[in-house]
Amino acid sequence: MQQQIIIGSIVCFASFLLIILIIGWDVVEVTNWGLKCNSISKQCDKQIYAPGRYLVGPFNSFFNFPGSRLTIEFSDDKRAQSQPLKTRTAEGLTLSLHVSFQYQLIKNEIAQLYALGGLNYEATFIRMARDTILQAAGKFEAPKYWTNRRNITEVMQNQLQDELKKAHANCVSLQILDIELPDQYEDSIVQTQIEVQKKTMKQFEQKAQMILNDILVMRAENDQEIYAIHAQAEADAFTITQAAQATANKLLLEAESKGYEMIQKNLELSLEEFNQYLYWISVLKQKKAKLVFNPNTVLTYNMNRN
């Protein structure tokens, strides 16, 4: 009987250990961070756990907090967490803003975040964002939302970052999705922007025309320079050609002169006979020339020669 009691105690103890092991495991989901808390003492560890399965012991479990960036939106979209933000501009015009922003929890401050508001931290973020954005939006005049929208976005994001940091989160980015002003004022703003665009386009057209005129002037100057270079080249070529021709003629005359001197010397011709020789040579060179002889003259010439 005592042996049965011992065996039964062992079985009960083993079952108890098995149950403890089964219920002592918990999981941190993918893309989440885990905060281990005790359901009896309500105390939480300061250690933050990465995704995975852990042996946490009895009465302990993980609270999962997102490790990725999440979006809170104020708009008419059915997926938005809240309605558009309504306020007034610096000059008192009604203003409706559609805004969204992305936040990310600070990993090492998740325990403080849980102590601040439990798991309902997003409601705290929405309240803080609404107050911060409305306060910032009311400081700008309506035209600034058209002409300096990027600067307004940066101001809102920086101020929201300062507030969310107090709640252990970071404002990663912020977007102004839509701006609603009174219809009459919005129409006037649109018309003003159209006129500004027309003026800007006119300025661009004038600059383009000035550039085109400069190109035409440069082209004309280049054409003139090219023409001058060609003219100078032709003049230089003509001068060189004439100089070469003159040199050739000079050399030819010198050669002919030396040749005639040799002929006169070798034939022993008098000056008058040599002139007659040159005369007949020039006549023979004329291909279309006609010679008319006077027999009496020839006879007289021959008699004189005898």
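Counting begins at 1 with the first residue of the sequence. Hydrogens, waters and symmetry mates are skipped; everything else that's a heavy atom, side chains included, is used.
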For [X], which residues count as a side chain to side chain donor-acceptor pair (under 3.5 Å) partner, sequence neighbours excluded?
X: Gln102; answer: Thr71, Ser173, Gln175
X: Gln81; answer: none
X: Gln104; answer: none

Task: Summary of salt bridge (charged side-chain N to carboxylate O under 4.0 Å, His left out) pairs that have at least one residue in residues 143-159, sequence neighbours excluded - done: none
- [ ] Can you run down the salt bridge (charged side-chain N to carboxylate O under 4.0 Å, His left out) pairs that involve residues 56-77, sequence neighbours left out, and say none if there aren't any?
- [x]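 Sorted result for residues 56-77: Asp77-Arg79.
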Task: Pairs meeting criterion disulfide (SG to SG under 2.5 Å) with involvement of residues 95-161, two or more places apart - done: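 Pairs touching residues 95-161 that pass the test: none.
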Open item on the list: Going by the rule ring-ring contact (aromatic ring centres under 6.0 Å, His included), which residues pair with Phe65 if we only count those two or more places apart in sequence or in a different chain?
Closed with: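 ring-ring contact (aromatic ring centres under 6.0 Å, His included) list for Phe65, sorted by chain: Tyr121.
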Open item on the list: I'd like to know whether Tyr54 forms a side-chain contact (heavy atoms from CB on, under 4.5 Å) with Val28, so could you lay out the CA-CA distance, the side-chain angles of the two residues, the decisive distance to 0.1 Å, and finally the verdict.
Closed with: CA-CA 8 Å; Tyr54 299 89; Val28 178; 4.0 Å; yes
Compile the donor-acceptor pairs under 3.5 Å between side chains in residues 239-249 and protein atoms, sequence neighbours left out, one pair per line.
{"from": "Thr239", "atom 1": "OG1", "to": "Ala235", "atom 2": "O", "distance (Å)": "2.9"}
{"from": "Thr241", "atom 1": "OG1", "to": "Ala237", "atom 2": "O", "distance (Å)": "2.7"}
{"from": "Gln245", "atom 1": "NE2", "to": "Asn249", "atom 2": "OD1", "distance (Å)": "3.3"}
{"from": "Thr247", "atom 1": "OG1", "to": "Ala243", "atom 2": "O", "distance (Å)": "2.8"}
{"from": "Asn249", "atom 1": "ND2", "to": "Gln245", "atom 2": "O", "distance (Å)": "3.3"}

- [ ] Output the distance between atom CG (Leu95) and atom CG (Leu134), rounded to the nearest 0.5 Å.
- [x]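 Leu95 CG to Leu134 CG: 9.0 Å, rounded to 0.5 Å.
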Open item on the list: So Thr89 and Thr94, do their side chains get closer than 4.5 Å, heavy atoms only?
Closed with: no
Just to verify, what does [X] make a salt bridge (Lys or Arg N to Asp or Glu O under 4.0 Å) with, not counting sequence neighbours?
X: Asp178; result: none
X: Lys258; result: none
X: Asp45; result: Lys36

Task: Residues, nucleotides or ligands: over 12 heavy atoms within 6.0 Å of Gln224 CD - done: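 Counting neighbours around CD of Gln224, 12 or fewer heavy atoms of other residues, nucleotides or ligands fall under 6.0 Å, so no.
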Open item on the list: Are more than 12 heavy atoms, taken from residues, nucleotides or ligands other than Gln203, located less than 6.0 Å from that residue's CD atom?
Closed with: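 For Gln203, atom CD is crowded (more than 12 foreign heavy atoms under 6.0 Å).
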- [ ] Check side chain to side chain contact (heavy atoms under 4.5 Å, CB included) between Gln209 and all other residues, then give those that pass, not counting sequence neighbours.
- [x] Leu212, Asn213
Open item on the list: If you apply the rule side-chain contact (heavy atoms from CB on, under 4.5 Å), what do you find for His168 with Leu105, and how did you get there?
Closed with: CA-CA 6 Å; His168 313 289; Leu105 303 181; over 6 Å; no
Task: Nearest non-hydrogen partners of Asn60 and Asn38, listed with the distance - done: OD1-ND2, 2.8 Å
